[in-house]
Amino acid sequence: MAVEEINWMSGGPQGSGVDTAANIFGRACGYGGLYVYGRREYHSNIKGLHSYFHLRISGNEVSANVNDVDLLAAFDAETVVRHINEVVSDGGIIVDKDQVETKVLSIPTLTYELRSELRQYLDKKGLGDSLSDLLADAGKSGVHVFQVPYMDLLKQIADKLKIEQLSKVTRMINVLTIGISFGLLDYDESLVEKAIRTFFAEKPRIVDMNILAVKTAYDYAKQNFQNNFGHKLQKIEIDEKRIFISGNQAVALGKVLGGCRVQTYYPITPAADESEYLEAHEILKTKLGEERGAIIVMQTEDEIAAINMASGAALAGARAATATSGPGFSLMVEGLAWAGNSEVPVVITYYQRGAPSTGLPTRHGQDDLRFALHAGHGEFARIVLASGDIRECFYDAAAAFNYAEKYQMPVIHLIDKAMGNSSQTCALFDSSMFKIERGNILDETQLIGEYKRFKFTESGISPRVFLGTKNGVHWYTGDEHNEFGHISEEPANRTLMVEKRMKKLDLIEKEVPIEERINFFGDKNAKNIIVSWGSPKGAIVEALQKLTQEGFNLGFIQVRMMHPLPKEYLTDALQNTEKIIDVEMNYSGQLGGIIREKTGIPIGFHILKWNGRPMTTTEVYEAVKLVLFNKAPKRQVLTYGS
Amino acid sequence: MAVEEINWMSGGPQGSGVDTAANIFGRACGYGGLYVYGRREYHSNIKGLHSYFHLRISGNEVSANVNDVDLLAAFDAETVVRHINEVVSDGGIIVDKDQVETKVLSIPTLTYELRSELRQYLDKKGLGDSLSDLLADAGKSGVHVFQVPYMDLLKQIADKLKIEQLSKVTRMINVLTIGISFGLLDYDESLVEKAIRTFFAEKPRIVDMNILAVKTAYDYAKQNFQNNFGHKLQKIEIDEKRIFISGNQAVALGKVLGGCRVQTYYPITPAADESEYLEAHEILKTKLGEERGAIIVMQTEDEIAAINMASGAALAGARAATATSGPGFSLMVEGLAWAGNSEVPVVITYYQRGAPSTGLPTRHGQDDLRFALHAGHGEFARIVLASGDIRECFYDAAAAFNYAEKYQMPVIHLIDKAMGNSSQTCALFDSSMFKIERGNILDETQLIGEYKRFKFTESGISPRVFLGTKNGVHWYTGDEHNEFGHISEEPANRTLMVEKRMKKLDLIEKEVPIEERINFFGDKNAKNIIVSWGSPKGAIVEALQKLTQEGFNLGFIQVRMMHPLPKEYLTDALQNTEKIIDVEMNYSGQLGGIIREKTGIPIGFHILKWNGRPMTTTEVYEAVKLVLFNKAPKRQVLTYGS
Amino acid sequence: MALKMSDFKTDVFVDWCPGCGNFGILASLQMALAELGLEPHRVVLVSGIGCSGKPPHFVKTYGVHTLHGRTLPFAQGIKIANPELEVIVMGGDGDGLGIGAGHFVNAGRRNIDMTYLIHNNAVYGLTKGQASPTLRLGLRTKSLPKPNINEAVNPIALAIVSGYTFVARVYAYDTKHLKEIIKQAIQHKGLAFVDILQPCPTYNDINTKDWYAGEDRKDPKTGKPMSRLYKLEEIGYDPLVKDLSEDIAKKLVAIEKAQEWGDEIPLGIFYKNELVPTFEARISQRIPFYVANAPAKQQISDETGASVADLSEFFEELKMS
Amino acid sequence: MALKMSDFKTDVFVDWCPGCGNFGILASLQMALAELGLEPHRVVLVSGIGCSGKPPHFVKTYGVHTLHGRTLPFAQGIKIANPELEVIVMGGDGDGLGIGAGHFVNAGRRNIDMTYLIHNNAVYGLTKGQASPTLRLGLRTKSLPKPNINEAVNPIALAIVSGYTFVARVYAYDTKHLKEIIKQAIQHKGLAFVDILQPCPTYNDINTKDWYAGEDRKDPKTGKPMSRLYKLEEIGYDPLVKDLSEDIAKKLVAIEKAQEWGDEIPLGIFYKNELVPTFEARISQRIPFYVANAPAKQQISDETGASVADLSEFFEELKMS
Ligand SMILES: Cc1ncc(C[n+]2csc(CCOP(=O)(O)OP(=O)(O)O)c2C)c(N)n1
Ligand SMILES: Cc1ncc(C[n+]2csc(CCOP(=O)(O)OP(=O)(O)O)c2C)c(N)n1
Ligand code: SF4
Ligand code: SF4
Ligand SMILES: [Mg+2]
Ligand SMILES: [Mg+2]
């Protein structure tokens, strides 16, 4: 499948339809048998500040961006200013003809620091301060500029539709840029129409308007920019069933598969979409027939209520989860420790974002690993999982409940903004292999005589009984307790009870297959090994493929179970490695620290990034290559992104 | 000063005057020139459950217990049952004559698990189930039992005082046991009277009653138990000025010295005593004259309010702190991250106790080191200090404010229950060397032109301005921000701003003298080195002295600045060490893990304990000795305590 | 076989101070459960942290002793997952109205069918007597270093404003009345709140048993103490909202009554309204089988262990073809 | 020199949606500050997280943009440390009455002399339109997947019950009235609360500008819309407590008025009472020099850097000789 890979970026003010454009564009490509990966970037703002979507279209499955933009579809001047330097030398920029004379330093939404940077840049390059100056400069290095009279086209459309107020159609600038884009890329127009039809399925009038807009723009491009643009996009025939799905949705589906019946949440970016999606689908279709499945989604007054309500539901016997991000998780910490102490199988989906504090609420980061590991006073057993891509989000979300119930402990499922808010096409998820394992649960018929909820056992696991079960009356408390669950301050009981809880971690080490705890890519005997976790996976895997093709000897360990860390595996795998390269989206190389803590093995090289934008294949490729060429410092800091 | 060391234990139901007895006993010893260390143990209960005080009296300064009890002063049968096996073979037990026939298995306050244990014990030993059976058994191994008719003595006292209701004097069982104890120990009675006079200073009637009670009991002992008991206590003459102080009080005094002006808190054991003590002394005496100093102690609605209110006060320019323990700190985590992000100099005094969750609210533990290090989503600079004894509590509490203001970051001061609730005599604190260092603060006169609160500087530290200062208007936000403090999501600014905050940790590494970060004891070139932190210090230092006297080659690194960890020092000190012995009051050896993470050096031996009771000199001595004799497993778990 | 109070007792030592009002609350609750014939396994007692947090250990029903201030979230989670359970929440005044005030207010908005009892002793008992949110401004109970600097919150008024549909006050030592009110609270359809005036002889030396009994104000004629407590039912007070149109008026009267304190302290039901739909009724509108097939009761896997979930409709929405 | 509104403007782009009610609030606040002649450095604006959390960046006074729901604790800390500062708190309805409800209630008990403005738009704006605690039961604003399942909290009633001593409601687009009320709130001695009805054109498609203006209910005679809003002062409502004996009555009337909604929505001051001592007054009783020598202003070290603390009295109590 030698389809050309296209990197398309669409940008404009938040609220002006960037998401819609990207979604329609992506669908249109997907309908043509292409794989799509799309990353959404937006400010913590509802309307007006800059947002964009960076789409990668390829014949192969992709789950990361590269640095390139082949075609930039700008709704406004700011988009051009912010992204012009990302456009490749034979790439193109679609821009509003009426805005090319914009004085770029006067764009009101620019931040102080961007304005200063821009001023310096213009000075250094000796450029004028109009958008046209910037465009002309780009033109010199081969970038094609496609000036489109957005307003004229909209007027034509309005006329055709007999709409008098132009303001009623200005929302369609986004679809115009799609039409132009596909015109330039010479893509099958009917697929775009199909995308519009499904996207606006419930609004036939909107469908018609948008199809007209796309057509108008498509034709405009064909007529005006004939043969001017070198990149083309071709559809291909495929058999496979595919879906176009975001990380948020994948987690939600995983929870449904996993049997989640109560989900609590307090709104927070980028986690809330998952809960809202679940709520919208609260009545679940099941194989058992009608009226057999429903998930209760509770919006709580805060995250403290969210975790504790979920724990309550779990004690009653429902599979229960909550979803949040950093600030919310911070508030859940006390409840987490209660769940740890009381051995509650509760699942917390933790969407990391730029931190600390409110940080970068809508931007990416992987700063919270250590926090997830150590959150909560005292020592108690927990499992921390980290998915590496959208597909893993789905499977891990389901598996989390199995771990939680089998080992009777809270499970923290780490996602991050780059996964949660990105979308990609992938083959339909196969859930046929997944089995629900609820662990050791006793029902009424199995309860005869004295029942001890926290019975001391060899493995540390005590048979569990749901609240409300006949003959199973028992107690929970956040205090240290005896086997019945009553408060106990006796030193001997304390020594045993802590051990009981903690040794379940050893059991996990023994029982959970290593394939569920790590993924290995590349050469098992490689001298150079990358270690990483979470969303850099996509970029690393691609970089690894490229570097392997170039003849480098490289392996990649993606850690998926962050706690308990598969330390024996890591010791074996890393102890004779020449170069260990830790790739993470944080300042201190947290996974690297944990590996050293648990194995003693020092990390030779760190490739780190914390600017709020995910790693790209390009960056990782280049940074790793520097290491392999012995040209890298011990610590490389990546900075790509806008 | 060859004074005999005496270990005295006094026990009875919570609320029956155990504290008072211990305090009077301790003072009486203190007035006799002796050093006292006293550990308080009590249930999370107000009245009725067992509590005790374990006092060590010595000619030398002491800050730990040993396993022995030389004289057990029991108010009730339960005290005997719980502690009988701790009494040394020539020791004594003071017991109520009327209670010796108590059926021990029927004592209502025994927990299920203690009752089971006791039943087994009696069976195994073939003992009857009366207290007298246990006492007789102890008598066989040389323990002296002093049966005292508490009620008869009280009646005599009531008669003398012409009090008709016996219930009005039963509260004085505690002082009776003191009288008996000192009679047996042959100690100067006048010092006991003095102790009573100062302890009840404001209640002359109570003074008289208690003095009469002590006298009566003292005489009773003299008459009835003449020469029966081998341990004696002698006063000595001293010059030094000494105080008898608890950890809670020492922290409070340190805060006053350090210039704290706002303290917020929400009640919690074992932290609340500190705040209440401060509130009781809110108007402060200063060298500046009248009406110049006062500390505002705010009881808040929860710990979330406590930390954020303290941060608010700190921004306004007051030195501000809060004090809590595990559950409360869990709730402060979000506020901590805000303070980290906004570079707020706020001090959090963190009293660790048995965890997780409510855990053992009134018992000891050191489980929260990792949590203190990583609490809060995201990465931000913080300092974590850990005091090793009551004296250090004082100095560190003051120094914490200097660190906080100089480096503009939150400081977490780790104490623990064993320190907070223990009391000891020590030489008057010398605060003459302490200087207040507020760091880089600009006032109105220094503010000309544009002020940037978060100005990028070489060191990462930006000059600070208090809210309300003329010409200094600026902004704070938990969002990532630019130099002015306005929200910024720009990637370049983000990369720099994270680095600005984090590199202050490097500055600390450079600037803070190593003497403030670690204490070293023993032989600098020792082949065997103990590492530890916090309250095990006392026991370790004593064990080290003993082992050194026995000819072993041993050193002890007490880490005081847990973060940033003095890793270079540790690497130097530990890399050629034969045996590294990590001693900690937690399950996983957290400091050991951190040392390995930061230095790569593996920890050879762990001596751990988590039963809620502090380590004793005896235990540490024995466990370390096993290591030195190559007879120890890699992990020894200590369990002494009742 | 009829249940007896003793069927609800455990072996755990009840470790409250002698004379503590909590003994009355515990006994009344056990009596109420027995009289209502609630089988122990159908009841879940949820408590917070404080002296008032300990009852679950003394009562032989399911017990969940949670975190300080977090009773309501836990309890709501339990009830939502299994609405068949009789969920009874108990906690301190500090627990419910200090650290837990946010949940207190927001639980009212849901009206989940549960019962919430607050042990109101005006102090933080278990942490040794600090001022609780119900201690009045300027008072100085035994262990306060200074007089209380905050105004008191009014639990009854707060509950009414927050949407609780059954709001009552009782006195811990009047176990018969207390038991009756607890029974009614449990039987109420909706979220019931009971403010229990609970003397704490150890730390609250102001609102003591004697004070409530009026030992300090003897009738000059009879020489007998004049109790500060009286019952609303005795003055013909009618708390029941029979029609939504009278709701506001009934609320206002209740709030007004709730201001009485000092020499005249009303006990009894201040407000009761069963016309507000419970959470269970609201959610059943969306999910008609919610109660019949509650979250905790749903079958989630088949015999082979496979999930019963059928994701086809989701995939249909997401499909790329 | 007199201050102008522009003296309170920063260069930061105001990034609210077109037509957002917040613009009115911002402008009114800036006007109020200018008219009160408050020098920018004497004012501290404290906000939470939400669309309503952003104003500090737009106003040239000290600004502290805190955490979601935690405005009041931060603000109280600032004010306690330096009572000379004019502390103005602003936040969302979710911020203040959802996650922040516990602080909301407990701040009322302290009556610290500050001003608290809630931007009441009945949605969680910045997280894309979920139901806030002021959205009424059964309503379904634009982005809700299902109708709201919770009752609304009543901010006015809650504030009154919680002890706020100045309680008002205004409308975001009535900037003149809003400005006047803000001025009075700032000048009030004690904790002032202002509930600002703030249309959110993006997510709240129910309580819109048109809805408030009554565009959907035109007077059959004139054909003109009949506004749903009216002013309490226009009906001769008197919110001021002139004597503590009338306090309860005034509170009850205010709570009653606060129940009006729908076709008749009162604006203006519901309740005002300056007879309740402020926190500053209360603490000054204990520490007479509190205001004159406030915590943030005290000198803590001498020229040599030595602490000014004199610990001798502490040591005296603890001494062992
Ligand atoms: C988060 C947290 N903060 C503080 C505490 C300490 N604490 C234990 S009991 C208690 C107060 C109890 O007072 P109240 O709720 O009135 O109950 P009471 O003991 O009076 O019945 C507090 C603050 C805690 N357990 N958790
Ligand atoms: C602890 C925490 N939880 C959740 C969030 C996410 N969050 C940001 S804004 C917001 C809601 C804002 O709603 P509201 O307070 O009504 O303010 P508005 O945006 O409507 O002005 C939430 C929940 C957060 N920042 N912190
Ligand atoms: S402290 Fe008070 S509330 Fe607690 S048990 Fe004792 S008397 Fe009861
Ligand atoms: S989302 Fe609503 S509240 Fe937020 S800025 Fe837009 S209109 Fe205003
Ligand atoms: Mg209480
Ligand atoms: Mg809002």
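By convention in this document, chain letters (A, B, ...) are assigned in the order of the sequence lines, proteins followed by strands, and residues within each chain are numbered from 1.
The choice from A/Gly376, A/Gly600, A/Gly354, A/Gly335 that makes the most heavy-atom pairs within less than 4.5 Å of chain B is A/Gly376. For the set A/His486, A/Glu117, A/Met497, A/Glu480, the count of heavy-atom pairs under 4.5 angstrom toward chain B peaks at A/Glu480. In terms of heavy-atom pairs under 4.5 Å with chain B, the best-connected choice from A/His481, A/Met332, A/Arg613 is A/Arg613. Contact count versus chain A (heavy atoms, under 4.5 Å) is highest, among B/Ala337, B/Gly641, B/Gly478, for B/Gly478. Ranked by heavy-atom pairs shorter than 4.5 Å toward chain A, the options B/Thr599, B/Val637, B/Leu369, B/Leu496 are led by B/Thr599. Of the listed residues A/Ala375, A/Ala372, A/Ser588, A/Gly340, the one with more heavy-atom pairs under 4.5 angstrom with chain B than any other is A/Ser588. Of the residues considered (A/Ser330, A/Ala355, A/Ser357), A/Ser357 shows the highest number of contacts with chain B, using heavy-atom pairs under 4.5 Å. The residue among B/Leu336, B/Val498, B/Leu373, B/Ile487 with the most heavy atom pairs within less than 4.5 Å of chain A is B/Val498. Ranked by non-hydrogen atom pairs under 4.5 Å with chain B, the options A/Arg353, A/Lys609, A/Gln590, A/Gln352 are led by A/Gln590.
For B/Asp367, the salt bridge (charged side-chain N to carboxylate O under 4.0 Å, His left out) partners two or more places apart in sequence, or in a different chain, are A/Arg494.
In this structure the side chain of B/Phe329 never reaches within 4.5 angstrom of the side chain of A/Val333, judged on heavy atoms. Using a 4.5 Å heavy-atom cutoff, the side chains of B/Arg501 and A/Pro356 are in contact. Looking at heavy atoms from C-beta onward, A/Pro491 lies out of side-chain contact with B/Thr639 at the 4.5 angstrom threshold. Considering only heavy atoms from C-beta on, B/Glu499 comes within 4.5 Å of A/Tyr587 through its side chain. When side chains are defined from C-beta on, B/Leu331 counts as touching A/Ile304, because their heavy atoms get closer than 4.5 Å.
Surrounding NZ of A/Lys567 are at most 12 heavy atoms belonging to other residues, nucleotides or ligands under 6.0 Å away. More than 12 heavy atoms of other residues, nucleotides or ligands sit less than 6.0 Å from atom NZ of B/Lys452.
In this model, a donor atom of one side chain and an acceptor atom of the other lie less than 3.5 Å apart for B/Asn482 and A/Glu113.
Separating the CG atom in A/Asp479 from the NE2 atom in B/His43 is a distance of 11.0 Å, to the nearest 0.5 Å.
Partner of B/Glu489 under the side chain to side chain contact (heavy atoms under 4.5 Å, CB included) criterion, out of A/Thr362, A/Thr111, A/Asn611: A/Thr362 alone.
Contacts of B/Tyr640 with chain A are absent, with no heavy-atom separation under 4.5 Å from either backbone or side chain. Using a 4.5 Å cut-off between heavy atoms, B/Thr477 makes no contact with chain A at all. Contact of A/Pro327 with chain B is made through backbone and side chain together, with heavy-atom distances under 4.5 Å. Within the 4.5 angstrom heavy-atom criterion, no atom of A/Gln366 approaches chain B. Only the backbone of B/Lys598 comes within contact range of chain A, judged by heavy atoms closer than 4.5 Å. For B/Asn493, the part lying under 4.5 angstrom from a heavy atom of chain A is the side chain only.
Taking the six-membered ring where the residue is Trp, A/Phe371 and B/His377 present tilted rings, their angle falling between 30° and 60°.
Closest of all the heavy-atom pairs between A/Thr495 and B/Trp610 is O-NE1, 3.1 Å.
A salt bridge links A/Arg370 with B/Glu597; the closest basic N to acidic carboxylate O contact falls under 4.0 Å.
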